[in-house]
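Here the structure comes first, spelled out in structure tokens, and everything after it is commentary.
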Amino acid sequence: MLASFFALANAHFQLQFPIPRGPFVEDSEPTFCDGYDDVTSNRTTFPLTGGFFSLNSEHTSWTAGVTLSTKENSTSFNDFSIIVPFFKLSGEGLFCIPLDLSATNATGLSDGLNVTLEIVYDGGDGELYQCADLTLSSTATIPSNVTCVNGTATSSSGSVSATSSATTTPSSSLALRVHGGYLALLLALFVGVAAVAV
Ligand SMILES: *[C@@H]1O[C@H](CO)[C@@H](O)[C@H](O)[C@H]1NC(C)=O
Ligand SMILES: *[C@@H]1O[C@H](CO)[C@@H](O)[C@H](O)[C@H]1NC(C)=O
Ligand SMILES: *[C@@H]1O[C@H](CO)[C@@H](O)[C@H](O)[C@H]1NC(C)=O
Ligand SMILES: *[C@@H]1O[C@H](CO)[C@@H](O)[C@H](O)[C@H]1NC(C)=O
Ligand SMILES: *[C@@H]1O[C@H](CO)[C@@H](O)[C@H](O)[C@H]1NC(C)=O
Ligand SMILES: *[C@@H]1O[C@H](CO)[C@@H](O)[C@H](O)[C@H]1NC(C)=O
């Protein structure tokens, strides 16, 4: 429902977990941290081993990579290094991708360290960015109520591709231009609802 709304409204991605610095801003996503230049203080506790991140993809074919900054207040791309090289996936909808920080080449990570994660996503029309401020933990696990699924599959399935929504609308960006005002209103409403829900 949510995913299909986004698929009609625009072609971007939304980081679901860890929670980004602020609510998704479509127009800002091509810029550093989706326009959120400043670090936040409400960091997500993130495990040093066995973690994951999840996102909603609105492109059917896309690449993504993960970068990390160990600065306390990361304010620019220069603060970040690639820790998961770009990988390619197919399908729209939800994806949940393992992120075992201890298995990456990131150095100096330790229990209690404050870091910032930046997900880089490219659906073929330029790189998009969302960031999440984290506190690393050697003991914490991701709460079980955080959704980790690929498409309509459940987390117990090893399946790669998100299927059900993958047939929708390559012409969505045209629709967006034509009905831009209407969609902007819908998006504003959605953001309002999301803000209330959080
Ligand atoms: C932190 O607070 C901001 C502003 O209220 C909010 O948008 C964001 O989702 C929060 N982040 C987390 C990790 O809860
Ligand atoms: C990490 O960030 C939190 C929230 O901003 C802060 O309270 C804490 O002191 C920071 N920890 C370190 C080690 O700097
Ligand atoms: C982070 O750095 C920016 C740029 O130097 C600064 O404007 C901002 O106040 C800093 N934020 C925090 C929470 O330290
Ligand atoms: C980690 O790996 C990435 C991608 O392979 C590479 O770009 C980066 O330079 C490496 N970082 C270190 C510290 O080796
Ligand atoms: C998960 O549960 C915790 C407390 O048990 C709650 O604070 C948090 O908001 C819940 N998260 C979601 C995504 O429902
Ligand atoms: C989702 O697909 C990715 C890419 O193949 C895979 O690494 C990951 O384990 C899958 N996640 C789930 C929850 O099945």
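Numbering of ligands and ligand atoms starts at 1, following listing order. Small disclaimer: the values here were computed from a predicted structure and weren't measured.
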Please confirm whether Arg43 comes within less than 3.5 Å of ligand 1 when only nitrogen or oxygen atoms on both sides are compared. no
Using a 4.0 Å cutoff against the non-hydrogen atoms of Ser41, which atoms of ligand 2 qualify? 4 (C), 5 (O)
Against heavy atoms of Glu72, which atoms of ligand 2 measure under 4.0 Å? 1 (C), 2 (O), 10 (C), 14 (O)
Is there a protein heavy atom at a distance of less than 4.0 Å from [atom]?
{"atom": "atom 5 (O) of ligand 2", "answer": "yes"}
{"atom": "atom 2 (O) of ligand 2", "answer": "yes"}
{"atom": "atom 14 (O) of ligand 5", "answer": "yes"}

Looking only at side-chain N and O atoms, does [Y] offer a donor or acceptor that is under 3.5 Å from a partner on [X]?
{"X": "Asp37", "Y": "Thr75", "value": "no"}
{"X": "Ser138", "Y": "Asp111", "value": "yes"}
{"X": "Asp34", "Y": "Ser28", "value": "no"}

Between the candidates Leu136, Asn114, Asn73, which shows the shortest non-hydrogen contact distance to atom 11 (N) of ligand 2? Asn114
Please tell me whether Leu99 and Leu89 are part of a single hydrophobic cluster in this structure, the criterion being side-chain heavy atoms less than 4.5 Å apart. yes
Go through ligand 1 atom by atom and flag the ones less than 4.0 Å from a non-hydrogen atom of [X].
{"X": "Ile19", "answer": "9 (O), 11 (N), 12 (C), 13 (C)"}
{"X": "Gly22", "answer": "7 (O)"}
{"X": "Pro23", "answer": "7 (O)"}

Contact between ligand 1 and Thr44 is defined here as a heavy atom of the residue under 4.0 Å from a ligand atom; is it met? yes
Which residue and heavy atom of the protein sit nearest atom 8 (C) of ligand 5, plus the separation: Asn145 ND2, 3.9 Å
For Phe95 and Trp62, I'd like to know if the aromatic rings sit close, meaning centre-to-centre distance below 6.0 Å. yes
Aromatic ring pairing His59/Tyr121, orientation class (parallel under 30°, perpendicular over 60°, tilted between): tilted
Measuring from Thr141:OG1 to Phe46:CZ, what's the distance to the nearest 0.5 Å? 11.5 Å
Side-chain heavy atoms of Asp122 within contact of Val120, under 4.5 Å: no
